[in-house]
Amino acid sequence: MNRHTKTAVLGLGAALLVTAGATGATGAAASASASASGERQREAAALTGSAKLYRSAGDDITFSFDAHLAAKDNDDPLKATGTFEWSHYAGGEGAWAKAEVDCLLTGGKVAVVSGVVTDSDLPGAKGKRVGITVHDTGRQDRLGYSWASTGNPVETKDLPKCVGSAPFEKVKKGTGDFTVVPWNPRF
């Protein structure tokens, strides 16, 4: 692998995807709040699931989400909780990252989640905010990420909360299980 290819894989790829299993306990605890009558209320918004991206070159790129906005926080998407992860490997090179959710906006079957990288083996990634957009089509989901134009989340400067890119990437058939719970804000 030449220097330019390695840089591209470590930059675009490493930053590109997160491999990680989402934590079910966090999701279950945050997914609904109990009403006074003891019934479970629908959470205000959510993005869960994982998938591999389709790459004709065979790159191994995985994203995983466990992001929730509790019913009691319906009016403030900045109170979303959870994590998301991604990894990108090609030719034995690559990286992974995990981020803590700081915003979640959903509409219909589209979700935009942002968070700050809390753990990664990509140098310079910790502390950077990243954003990801998912389109839950039910057949072949799509995904986009804030570093699409820079090639690396480390290169992204001062990204605001809840900013992602258009979901331009295709999920590999048979791997996508994203679920988006649409947000219904009270305006």
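This chain uses plain numbering: 1 for the first residue, then up along the sequence. All of these numbers come straight from a predicted model, not from anything done at the bench.
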Looking at CG of Asn74 and CZ of Arg186, how far apart are the two atoms once the value is rounded to the nearest 0.5 Å? 4.5 Å
Roughly how far, to the nearest 0.5 Å, is OG1 of Thr156 from CZ of Arg129? 11.5 Å
Run the numbers on Val101 and Val113 for side-chain contact (heavy atoms from CB on, under 4.5 Å), then give the verdict. CA-CA 7 Å; Val101 171; Val113 63; 3.9 Å; yes
Does Phe84 belong to the same Ile/Leu/Val/Met/Phe/Trp/Tyr cluster as Val112, with side-chain heavy atoms less than 4.5 Å apart forming each link? no
Ala95 versus Leu122, closest heavy-atom pair with distance: CB-CB, 4.0 Å
Are the side chains of Asp59 and Leu53 in contact, using a 4.5 Å heavy-atom criterion? no
Does the side chain of Lys98 reach to within under 4.5 Å of the side chain of Val117, using non-hydrogen atoms? no
On a heavy-atom basis, the closest approach of Val130 and Ala99 is CG2-CB, 4.4 Å
So how far is it from Thr62 OG1 to Lys172 NZ, rounded to the nearest 0.5 Å? 9.5 Å
How many angstroms lie between OG1 in Thr175 and OH in Tyr54, if you round to the nearest 0.5 Å? 12.5 Å
Which atom of Val154 lies closest to which atom of Pro123, heavy atoms considered: CG2-O, 3.5 Å
Could you tell me whether a side-chain N or O of Gln140 sits under 3.5 Å from a main-chain N or O of Val171, the two making a donor and an acceptor? yes
Ring pair (Phe, Tyr, Trp, His ring centres under 6.0 Å): pairs with one or both residues in residues 159-179, sequence neighbours excluded: Phe65-Phe178, Tyr145-Phe168
State whether a side-chain donor-acceptor pair under 3.5 Å links Asp60 with His88. no
Heavy-atom nearest pair, His68 first then Ala46, reads ND1-CB, 3.8 Å
Side chain to side chain, Thr48 and Thr179, heavy atoms closer than 4.5 Å: yes
Hey, are the side chains of Asp177 and Ser50 touching, using non-hydrogen atoms and a 4.5 Å cut-off? yes
Contact between Arg55 and Glu169 at the side-chain level, heavy atoms closer than 4.5 Å - yes or no? yes
Stepwise side-chain contact (heavy atoms from CB on, under 4.5 Å) check, Lys128 with Lys157: CA-CA 8 Å; Lys128 292 287 188 174; Lys157 306 289 184 220; 4.2 Å; yes
Minimum-distance pair of heavy atoms, taken over all atoms of Leu104 and Ala80: CB-CB, 3.6 Å
From Asp66 CG over to Thr83 OG1, what is the distance, rounded to the nearest 0.5 angstrom? 5.5 Å
Between NZ on residue Lys109 and NE2 on residue His135, distance to nearest 0.5 Å: 9.0 Å
Could you pull out the closest heavy-atom pair between Gly108 and Val180, with the gap in Å? O-CG1, 3.6 Å
Under a 4.5 Å cut-off applied to non-hydrogen side-chain atoms, are Val134 and Leu47 in contact? yes
Any side-chain heavy-atom pair from Lys161 and Leu78 closer than 4.5 angstrom? yes
Expected output: side-chain Arg142 to main-chain Lys170 donor-acceptor under 3.5 Å: no
Within-4.5 Å side-chain heavy-atom neighbours: Val181 and Arg42: yes
Can you tell me which residue pairs pass the disulfide bond (SG atoms under 2.5 Å apart) test with a partner in residues 132-170, sequence neighbours excluded? Cys103-Cys162
